[in-house]
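Notes for the one structure printed next.
Side chains are part of it too, since the values below use all heavy atoms of this structure and drop only hydrogens, waters and symmetry mates. Only a predicted model underlies this, so the values are computations on that prediction, with no experimental measurement involved.
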Amino acid sequence: MWVPGMLALLLFWPATDYEAEGLKALGAKQYEQAAQLFSQAVQTDPKDYAAHFHLALTYSLLGKDAEAIPEYQKTLDLKPGLRISTHFFTAESGPPRAFGTIWPVTGSKCIG
């Protein structure tokens with residue numbers, strides 16, 4: 001049964017902000033959950049370079065470099081010349097290993 005105003009309710013129903021939720025999971029070191037959320041963010045908006053970067057970063061933190069590298073590449077394809085600071089990595093984790101693979105190939109800059 002259709003109730004007047006249902007369409008308005010559906011139009012204004014807040015969509016899940018997968019990237020924001022992914023950042024929360026990433027901050028809580030819930031990397032598997034973060035990867036799922038960032039994957040959904042990428043599916044929702046394939047041109048969102050930040051979602052691709054966060055997915056790549058999460059894969060790197062999970063030690064999944066084979067999955068991370070294409071996401072870093074997609075980030076750079078969407079945002080050529082992007083400079084990423086390594087300052088937000090902890091001393092114990094360092095930059096993801098995938099950085100060493102992707103940056104020499106693309107010529108992009110990773111600043112420290």
Glu19 to Ala41 - nearest heavy-atom pair and separation: N-CB, 4.0 Å
Straight-line distance of His54 NE2 to Ser39 OG, nearest 0.5 Å: 13.5 Å
Shortest non-hydrogen contact between Ala68 and Ser60, atoms and distance: CB-OG, 3.5 Å
Spatial distance of atom CG (Leu76) from atom NE2 (His52) [nearest 0.5 Å]: 11.5 Å
Between OG1 on residue Thr75 and CD on residue Gln73, distance to nearest 0.5 Å: 9.0 Å
Distance-minimising heavy-atom pair for Ala35 and Leu55: O-CD1, 3.5 Å
Value rounded to 0.5 Å, distance of OH in Tyr18 from CD in Gln43: 8.5 Å
Beyond-backbone contact of Phe38 with Val42, side-chain heavy atoms, under 4.5 angstrom: no
Distance (rounded to the nearest 0.5 Å) between Lys64 NZ and Glu32 CD: 4.5 Å
Side chain to side chain contact (heavy atoms under 4.5 Å, CB included) assessment of Lys29 paired with Tyr31: CA-CA 5 Å; Lys29 297 185 180 182; Tyr31 301 134; 3.4 Å; yes
Tyr72 side chain reached by Leu57 side chain, heavy atoms, under 4.5 Å: yes
Leu61-Leu37 co-clustered via ILVMFWY side chain contacts under 4.5 Å: no
Presence of salt bridge, Lys74 and Glu71, under 4.0 angstrom: no
Residue pair Gly22 / Ala34: nearest heavy atoms and the distance that separates them: O-CB, 3.7 Å
Distance in Å, Lys79 NZ paired with Lys47 NZ, rounded so as to fall on 0.5 Å steps: 14.0 Å
